[in-house]
Amino acid sequence: MTIRVRFAPSPTGYLHVGGARTALYNWLFARHEGGELILRIEDTDRARSTEDAIRAIIDSMTWLGLDCDEGPYRQMDRLDLYAAKATGLVETGRAYLCYCEPEELEARRRAAAAAGGSPRYYRRCRALTPAEEADYIAGGRRPTTRFISRDEGETIVDDLIRGRVVFDNAELDDLIIMRPDGIPTYNFAAVVDDIEMGMTHVIRGEDHLPNTPRQMQIYEALGAEPPAFAHLSMILGADKAPLSKRHGATSIEAFRDVGYLPETMVNFLALLGWAWDDKTTLFSPADLKDRFSLDKVTRSPAVFDTAKLDWMNGHYIRQLTVAELAQRLIPFWRGAGLLPDGEIAAAELRRLEAMAAVCRERLVKLGEIVALTDFFFKDVDYDPAAVDKVLHKEGAAAALEAAAAKLAQIDDWTHDVLDTALRALADELGQKPGKVFQPIRVAISGRTVSPPLFESLEILGKETSVDRIKKARELA
RNA sequence: GCCCCCAUCGUCUAGUGGCCUAGGACACCGCCCUUUCAAGGCGGCGGCGCGGAUUCGAAUUCCGCUGGGGGCACCA
């Protein structure tokens, strides 16, 4: 039998790291097993579902490289199916119509909680007389459909990650499976779809574990064999609280926008709850597909550690060729208004690649390229602290003056030549190299920290470099 | 309140009764390299939540406790 799994997000927001990890594990499992991944949009909460969210989720999955074999299916397109199945359950005596109003149920729940009792439904409508039912209908009440859960025995979930989890059926409620407007609720729609779509495995977040026994009873009532279940632990923030907006960026788009690489996100997310052995940390998607298995998935929750993410992103940036890196950097230069849209001339591309080469070992996130290279594109913004600390130092003015004069003589404007010339200059001035190089760095970049000096001068070009050094001489 | 899950360095984890004086990675600290910042190299710090039990032997099994988390919706 072909393995079939699904990723079934509710489109109420962006794809966040927790959802992405669930999607990734489903994808890895499907690919490793030669199975199929289905994308199903669970949009039955019509108040909160949006088209934007659907687009965002699909975009993020595409960016991560998580391709699906079927879908996206949408539950709102499948209402007839759920209605037919719900009616069937009523006919076979596994469900009943419930005329209770939300307000009275809510009031009862509150009262029960106050009395220290169980908040479960009191099952009044299970035993409605025809006369009572007629009264409700005459009064304009529209019923929900409730599933009749078993009162006795246990429901056992054999979870692929957690092992055997036993639930007492007496704890289970008669849950609503259909709303009066014909839209199903989650537990019902998910089961109907998982049956219809032939799911063999359901891999989802641990928050769904308590739903599983309820769903298993629905499978049984529907005459279907339940799939295998695997519940993934939660992802936490640095404070061990569930990851949320308060921890900063949590959407995949946000990580993309500041310049994390998809290869980083995939590798990092894979490791949040899974490990291959005792020493391998870096995995390409192909390695992952090769090695992933559910039996190596961890049970305990994992903290999302940005420091490690940053390290890994730096690693993957360093793995890129200069040409690749430049291509990935272009959107960031454009986004900052440093580079116009449209075709890039060959000479300009060479210049961008030179910048990429010189920044490759310095980038943690692609977005940092802007602050690192903006002085190549526009006039210098002198950092007052840098001016004070370096240009106002004893000897800075003299160094700049001498440097400007010396550089003006150089025709072969390459970093090797510049290196030799400026070292010689330091020697002539009787200064340590740093004493000469730092003022020049501040002169051309405005800051004390910049890409390597000689390469920077080369990229900037002779005319601009000399101009800036002369100008900085005035500030010194 | 009730049900369920979880528990190894700060973090991600390896570990399934002796191979563990607990391994790796990130972070941190030190040294080296060095024109700044990085990157890189070398070294270091650092952990089995607590209490019982089983066993010749427990990070590994069992029980309890504590702590963290999830769920108990006409949300998913």
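Every chain is numbered from 1 and lettered A, B, ... according to where its sequence line falls, protein lines coming before strand lines. Below, each value reflects all heavy atoms present in this structure, side chains not excepted, and no hydrogens, waters or symmetry copies.
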Quiz item: Roughly how many Å is it from CG in A:Asp173 to C1' in B:A73, rounded to a whole number?
Solution: 10 Å
Practice problem: With a 4.0 Å heavy-atom cut-off, tell me which residues in residues 387-402 of chain A come close to RNA chain B, sorted by residue number. | Solution: none
Pairs of donor and acceptor atoms involving the side chains of residues 416-424 of chain A, under 3.5 Å and at least two apart or interchain, shall be tabulated with distances.
unit_1, atom_1, unit_2, atom_2, d
A:Asp419, OD1, A:Arg423, NE, 2.6
A:Thr420, OG1, A:Asp416, O, 2.9

Quiz item: Who are the side-chain hydrogen bond (donor to acceptor under 3.5 Å, both in side chains) partners of A:Ser233, not counting sequence neighbours?
Solution: none
Quiz item: Is A:Asp277 salt-bridged to A:Arg291, going by a charged N under 4.0 Å from an acidic O?
Solution: no
Quiz prompt | salt bridge (Lys or Arg N to Asp or Glu O under 4.0 Å) partners for A:Asp239, two or more places apart | solution = A:Arg246
Self-check item: Phosphate-side-chain proximity, A:Ser445 and B:U36, N/O vs OP1/OP2 below 4.0 Å
Solution: no
Quiz item: How does protein contact run along nucleotides 6-14 of chain B, one letter per nucleotide 5' to 3', with B for base contact, S for sugar-phosphate only, - for none, heavy atoms under 4.0 Å?
Solution: SS---SBSS
Practice problem: Report the residues that fulfil salt bridge (Lys or Arg N to Asp or Glu O under 4.0 Å) with A:Asp305, sequence neighbours left out, ordered by chain and then residue number. | Solution: none
Quiz item: If you measure from the Lys or Arg side-chain nitrogens to the Asp or Glu carboxylate oxygens, is any gap between A:Arg40 and A:Asp194 under 4.0 Å?
Solution: yes
Quiz item: With sequence neighbours excluded, what pairs up with A:Arg318 under the side-chain hydrogen bond (donor to acceptor under 3.5 Å, both in side chains) test?
Solution: none
Practice problem: Check each residue of residues 448-456 of chain A for a non-hydrogen atom within less than 4.0 Å of any atom in RNA chain B, then write out the ones that pass by number, or none. | Solution: A:Thr448, A:Val449, A:Ser450, A:Pro451, A:Pro452, A:Leu453, A:Phe454
Practice problem: Just compare B:C74, B:G71, B:C4 and give me whichever is closest to any side-chain atom of A:Arg214. | Solution: B:G71
Practice problem: List for me each residue that meets side-chain hydrogen bond (donor to acceptor under 3.5 Å, both in side chains) alongside A:Glu353, sequence neighbours excluded, and say none if there are none. | Solution: none
Quiz item: Can you find a side chain N or O atom of A:Arg447 that sits less than 4.0 Å from OP1 or OP2 on B:U36?
Solution: no
Self-check item: Contacting residues from residues 309-324 of chain A, given that a heavy atom lies under 4.0 angstrom of RNA chain B
Solution: A:Trp311, A:Arg318
Quiz item: Of all residues at least two apart in sequence or in a different chain, which pass the salt bridge (Lys or Arg N to Asp or Glu O under 4.0 Å) check with A:Glu458?
Solution: none
Self-check item: Which residues share a salt bridge (Lys or Arg N to Asp or Glu O under 4.0 Å) with A:Glu206, sequence neighbours left out
Solution: A:Arg162
